[in-house]
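Here is how names work: the chains are called A, B, and so on, in the same order as the sequence lines, proteins then strands, and each is numbered from 1. Basis for what follows: all heavy atoms, side chains included, without hydrogens, waters or symmetry-related copies.
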Amino acid sequence: MRLRRIRRAELPSDPVELARFLIGTFLVLEGDEGRVSGRIVETEAYLVGDAAAHSFNGPTKRNRSLFLEHGHAYVYFVYGNWYCMNVSAEAEGIGAGVLLRALEPIEGIELMRRRRRHAKPTLLASGPGCLATAMGIDRRLDGIDLCAPGKFWLGVTKDLGMRMPIGNSTRIGLTKEAHRKLRFYLRGSPSLSGARKLNA
DNA sequence: TGCACGATAATCT
DNA sequence: GATTATCGTGCAA
């Protein structure tokens, strides 16, 4: 599969549009242990003025990457055990992001399997914490420009723009703003997280 | 104190 | 097989 780096001008600078756009694109990390990549199949948008968004209360040391120009990585540590990542989703200075929740492993499946132990191949990166573990994403990647030359980037194939069956549901694991339907997923993907009825 | 989580166990169909 | 309950873990507010 031939992947090329995405250009920032191709990325929507609106969280909902970006969340939809990223479905079917690829996340690539050329790490010390090898290259891993996967097709993004599940995302969630976190908006300006959204009480569930990490950026809601303004920039802090932790969340400042959310305020970078769209297309940068925001990596954070949660629940004492896992990392999760967002793609920043607005103009510089505006805090919003798209959480990457699941991807279908493409390259480096053996490496992902080692990191994740016993998971089934399709489920190696099913869930935001699993995704980061399988890919080998950690704090060192926070703030990286995913559109710039480097080892961590967003890729697309020739069929960028092909229509895909994208589903929409409520976001997972929230108490605030739980009713908003800001989760997007590739219908029929075997790698989705979340309850069955959310993936209809 | 409360999480943008995940694994295991318990409790269903 | 599928959904629901519980709990550990470290850090920011």
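Under the stacking criterion of a centre-to-centre distance below 5.5 angstrom and an interplanar angle below 30°, A:Tyr46 sits stacked against the six-membered ring of B:dA4. The ring of A:Tyr79 lies on top of the base of B:dC5, close enough and flat enough: under 5.5 Å between centres, under 30° between planes.
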request  = Using Watson-Crick or G-U wobble pairs with both distances under 3.5 Å, give me DNA chain C in dot-bracket, 5' to 3', with [ ] for crossers and | for pairs to another strand.
outcome  = ||||||||.|||.
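With hydrogens and angles disregarded, a donor-acceptor distance shorter than 3.5 Å links the side chain of A:Arg116 to the backbone of A:Leu123.
Note on A:Arg196: every side-chain N or O is 4.0 Å or more away from OP1 and OP2 of C:dG1. For B:dG2, the OP1/OP2 oxygens have no side-chain nitrogen or oxygen of A:Thr175 closer than 4.0 Å.
Here the rule is side chain to side chain contact (heavy atoms under 4.5 Å, CB included) with A:Cys84, and of A:Leu131, A:Leu100, A:Val78, A:Val75 only A:Val78 fits it.
We find that A:Glu110 and A:Arg113 are joined by a salt bridge, their nearest charged nitrogen and carboxylate oxygen being less than 4.0 Å apart.
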Are any protein N/O atoms closer than 3.5 Å to N/O atoms in nucleotides 11-13 of chain C? If there are, list each pair with its distance.
from: C:dA13; atom 1: OP1; to: A:Thr60; atom 2: OG1; distance (Å): 3.3

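More than 12 heavy atoms of other residues, nucleotides or ligands shown are found within 6.0 angstrom of CZ on A:Arg139.
Residue A:Arg117 is out of contact with every strand shown, counting any heavy-atom pair closer than 4.0 Å. Backbone-only engagement by A:Arg101 is indicated by non-hydrogen atom pairs under 4.0 Å involving sugar-phosphate atoms exclusively. A:Ala52 comes within contact range of at least one nucleobase, with a heavy-atom separation under 4.0 Å.
No cation-pi contact links A:Arg140 to A:Phe152, judged by a cut-off of 6.0 Å to the six-membered ring centre and 45° from its axis.
Rounded to whole Å, the distance from CG on A:Leu99 to C1' on B:dG6 is 14 Å. One atom, CG of A:Asn199, and another, P of C:dA2, lie 12 Å apart when rounded to the nearest Å. One interatomic measurement links the two molecules: CG of A:Asp50 to P of B:dC3, which rounds to 14 Å at whole-angstrom precision.
The residue among A:Gly129 and A:Lys176 whose nearest nucleotide of DNA chain B lies closer to the 5′ end is A:Lys176.
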Salt bridge (Lys or Arg N to Asp or Glu O under 4.0 Å) between A:Arg114 and A:Glu33, intermediate numbers included = CA-CA 11 Å; A:Arg114 245 176 286 143; A:Glu33 300 174 272; 5.1 Å; no
